[in-house]
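Remember, it's a predicted structure, so these values are computed and weren't measured experimentally.
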Amino acid sequence: MKTQKLFNHFFLFIPSIVIVGLIISFTFGSQANVVGAAENKKPLPEFNSQATAPIIVDHTTTDITAIPQYWIEEAKRTLHIGYGHTSHGSQLTTGMSGLVGFANNGGLGLSLPSDIFQFNHNGNNGGEYLHLFEGDGYGSGDLDHDCGYFPNWIDETRAYLGASDPSTGRGQSHPEINVIIWSWCGQVDEKYAAGTLYSEYLDPMTQLETEYPNVTFVYMTGHVDHWDDADNKAANQVIRDYTNANNKVLYDFADIESYNPDGTFFEFPHDNCDYYDAADGNLLGNWATEWQASHTQNTDWYSCSCAHSQSLNCNQKAYAAWWLWARLAGWDGEITGQNTAPNTPANPNPAHQAANVFYKKNLTWQGGDPNGDPVTYTVAFGTVNPPPVTATVTTPLYAPTMATSTTYYWQITATDGISMAASPLWQFTTSAETTLKLHLPLILKNSAGSTPSGSAPQVAGCDVFPADNIWNTPIDTLPVHPNSAAYINTIGYNTGLHPDFGSGTWEGFPIGIPYTTETGTPVDVTFDYDDESDDGPYPIPPNPPIEGDPNGDGDRHILIVDSETCTLYELYAAHHETDGWYAGSGAIFNLSSHELRPDTWTSADAAGLPILPGLVRYDEVAAGEIKHALRFTAPQTHDSYVWPARHEASDLTGSQYPPMGQRFRLKADFDISGFDEDMQVILQAMKTYGIILADNGSSWYISGAPNENWINDTLVEEFGWVHGHDFEAVDVSSLMIDPDSGQARQ
């Protein structure tokens, strides 16, 4: 039986915008900084529909300086493009190749990271390059014709993508490909004249969209042709009308080469940029060479190979291509006229003119960019006024070297590669103290204390599973899982971590998953999923701590540790009614044993795992070490599970979705030295023991227990500095001794 859990009323909704089958997701910013948003129990739905408006790329979309850097980077990270063409279509890619060096040298005033426009035929290398696979143009392999060669181009599309996978909406042979674009060579006017433009181009494109609903198929007009002007213009207009009427994506090749960069229109142009006074009239000139001659090479335009045409034409084609890639990655194409400067750095920590600041304090500030552009911060810091520039960082944090009893001055300048914004000059004075007074754990009646015993983590004097259990086994030297990149992208490549725990309350209730060592009289519990729950009884104390609203819906976990028998009792969706206790599911674990749940059984968690062993607990952080893996959630998971998990909660079968129980770790080279000391303990555990995918919920939400010593602002801020791409999936299969046991090879 597959247990599909109930939605939690704290579910963080992630809306999706669908552009012709390409799914782009955004998280509401207002929720991103809320401590304690809990997880849902069902996978998020997959969306699959047409765009609500056409996307047209033409001569009006050739200002490459207007494309936000963020969306260029998103295109590189998310797009996998298959491009079929012969010689005319190569104008896009030869122009794109020349653009790399032109941008690096500041052409058009561009000030962007080196090689930002680089593309690669073999993959995107973790988002470093745009992935654009293209055929050789000679009909000798995959995607090696153009739209003029029917049925070659459609047959090659199906052969390259492979059979459609219903679970992903893409091809099984190349499931990464999410964009297909075919160019024309010279036959668009011939097909129009023969009456086959629909049957040999528009209808097959529509059929491919039906077969591969999660692949964006980009339509294209043919190049201009002075010699067949009437049929050429008519054919291209049919394509424009069709894409506009049916909300398609169009790269208007002919329109781009009918205008020079100043917007001057040429009614009778040829593909080499010659222009005439009539369809059968006199040659008047060449708009490309004329414009090039009146403008500065390597500043206003760049030389590049351009089949059948001039360099400037391929310049324009490359600019429009990157506009297209940015639109497909999610950019709305809005232009405000000028770049909006980054936010002025504000809210310094330490505050301006603060005194008695600990000399090992990290400096933080509030930054960002209103357009979502990546921001670089230049730090000026020192004991003189004005301070010298000491560092450049990409996150709003700087870890300086300071002395005690000293006054320091500092200023932050933010830049998005185009504009800058500088903070006021701030200052503070360090204290004479050389020892930081740390927060001590709050010791309450029935709270769990950590008592060192061997190398296993402890709660109330009980080992939380033996030291050689998979939860407590380091995974920092294990091999990276071969599907790591796909898993990371699915969960959220650029998404920051979030603490699902804290101090105080959120919406009136404690933040996190509580547990207790107080036991009560054992009682029977009635379960919704009784065929996958342990009968009990369960020693539920009077008024036990329950996750979330004690009187509402949600996960409502109850976790109880019996310190006399070292037994862990966990309930999901627990409610007390007048006639007794009810729960969605329940599980009982012998903390001295390696025993797992019966295969395919759920627990109080969707993965069939115990919850308590994966919680971030303040007593461990205060002691300076977490010696076990941590629990986290992801919005979409695979319809499978891997050891030590025993259960799945999804209908998704695409290889990009991680299975329940998948282990991840923070990369070894991720620098944690600049983080708060408590945070360093948590991050080190993520490096050494990793994190385990245990439930469907918000991306990269790390579970923990409530405690009044947590500093919520610090948790949220510093967790957010760690992103999905800072992790890697790990293959733990080599540690398994017995698939029905949690014992791990050491």
Side-chain angles (χ1 to χ4, degrees), residues 22 24-25 64-65 67-83 92-107 110-134 174-179 181 216 304 318-319 321-331 369 372-377 392-395 415-418 479-496 655-656 664-671 699-700 721-730:
L22 181 65
I24 302 118
S25 298
I64 198 166
T65 66
I67 306 174
Q69 181 183 333
Y70 174 83
W71 291 113
I72 296 172
E73 300 285 5
E74 278 296 284
K76 291 163 60 178
R77 184 179 70 83
T78 61
L79 299 188
H80 299 270
I81 305 160
Y83 181 31
L92 272 72
T93 50
T94 56
M96 289 172 61
S97 295
L99 174 60
V100 178
F102 182 61
N104 288 349
N105 292 322
L110 293 167
S111 179
L112 295 167
S114 177
D115 294 345
I116 190 171
F117 294 113
Q118 183 67 54
F119 62 99
N120 190 340
H121 291 161
N122 301 317
N124 66 0
N125 196 25
E128 183 178 359
Y129 306 118
L130 179 77
H131 177 202
L132 194 156
F133 170 79
E134 57 180 330
H174 288 280
E176 77 283 2
I177 294 294
N178 50 24
V179 178
I181 177 171
T216 300
C304 63
Y319 303 154
W322 273 104
W323 191 290
L324 173 63
W325 312 144
R327 289 299 312 275
L328 293 181
W331 180 40
D369 184 273
D373 297 339
V375 179
T376 299
Y377 302 98
T392 299
V393 296
T394 56
T395 56
T415 178
D416 61 2
I418 300 175
V480 175
H481 193 283
N483 216 26
S484 177
Y487 292 161
I488 297 295
N489 285 338
T490 296
I491 300 172
Y493 182 87
N494 283 325
T495 303
S655 61
Q656 72 271 37
F664 295 78
R665 68 180 172 223
L666 188 60
K667 293 178 180 178
D669 61 357
F670 184 83
D671 185 6
S699 294
W700 305 115
W721 294 336
V722 188
H723 298 87
H725 57 73
D726 297 317
F727 284 82
E728 55 197 4
V730 180

[Y] side chain reached by [X] side chain, heavy atoms, under 4.5 Å:
X: T65; Y: L110; result: yes
X: I177; Y: I81; result: no
X: T495; Y: H723; result: no
X: L99; Y: W322; result: yes
X: V375; Y: Y377; result: yes
X: V179; Y: H80; result: no
X: N104; Y: D115; result: yes

- Would you sort out whether F102 and F117 count as a side-chain contact (heavy atoms from CB on, under 4.5 Å), showing the intermediate values? CA-CA 10 Å; F102 182 61; F117 294 113; over 6 Å; no
State the [atom1]-[atom2] distance between [X] and [Y], to the nearest 0.5 angstrom.
X: I181; Y: L324; atom1: CD1; atom2: CG; value: 6.0 Å
X: T93; Y: L132; atom1: OG1; atom2: CG; value: 7.5 Å
X: N178; Y: L328; atom1: CG; atom2: CG; value: 8.5 Å
X: L92; Y: F119; atom1: CG; atom2: CZ; value: 9.5 Å
X: R77; Y: E128; atom1: CZ; atom2: CD; value: 15.0 Å

- Task: Check the pair L130, L79 against side-chain contact (heavy atoms from CB on, under 4.5 Å), reporting the backbone distance first and the verdict last.
- Result: CA-CA 7 Å; L130 179 77; L79 299 188; 4.2 Å; yes
Closest heavy-atom pair and its distance - [X], [Y]:
X: C304; Y: G95; answer: SG-CA, 4.1 Å
X: E73; Y: P113; answer: OE2-CG, 4.5 Å
X: T78; Y: A329; answer: OG1-CB, 4.0 Å
X: A729; Y: Y487; answer: CB-CD1, 3.9 Å

Is it true that a side-chain atom of [X] and a backbone atom of [Y] form a donor plus acceptor pair closer than 3.5 Å?
X: T490; Y: A486; answer: yes
X: S699; Y: I491; answer: yes
X: D726; Y: G496; answer: no
X: K76; Y: N124; answer: no

- Run the side-chain contact (heavy atoms from CB on, under 4.5 Å) check on I67 and Y319 step by step: do they pass? CA-CA 10 Å; I67 306 174; Y319 303 154; over 6 Å; no
- Residues two or more places apart in sequence or in another chain: which of them pass side chain to side chain contact (heavy atoms under 4.5 Å, CB included) with A485? none
- Message: List the residues meeting side chain to side chain contact (heavy atoms under 4.5 Å, CB included) with P175, not counting sequence neighbours, and say none if there are none.
- Response: none
- Query: For H131 and E176, what are the C-alpha separation, side-chain angles and deciding distance, and is it a side-chain contact (heavy atoms from CB on, under 4.5 Å)?
  - Reply: CA-CA 10 Å; H131 177 202; E176 77 283 2; 4.2 Å; yes
- Hey, do the aromatic rings of W71 and W325 have their centres closer than 6.0 Å? no
- Task: Examine the side chains of E74 and N494 and answer whether a donor and an acceptor come within less than 3.5 Å of each other.
- Result: yes
- Task: Please name all residues satisfying salt bridge (Lys or Arg N to Asp or Glu O under 4.0 Å) with E728, sequence neighbours left out, ordered by chain then number.
- Result: R665
- Which residues pass the side chain to side chain donor-acceptor pair (under 3.5 Å) test with N122, sequence neighbours left out? none
- Task: Could you go through the side-chain hydrogen bond (donor to acceptor under 3.5 Å, both in side chains) check for N483 and Q656 one step at a time?
- Result: CA-CA 7 Å; N483 216 26; Q656 72 271 37; over 6 Å; no
- Item | Those residues that, when tested against F727, pass ring-ring contact (aromatic ring centres under 6.0 Å, His included) (two or more places apart) | W700
- Item | For Y493, ring-ring contact (aromatic ring centres under 6.0 Å, His included) partners two or more places apart | H725
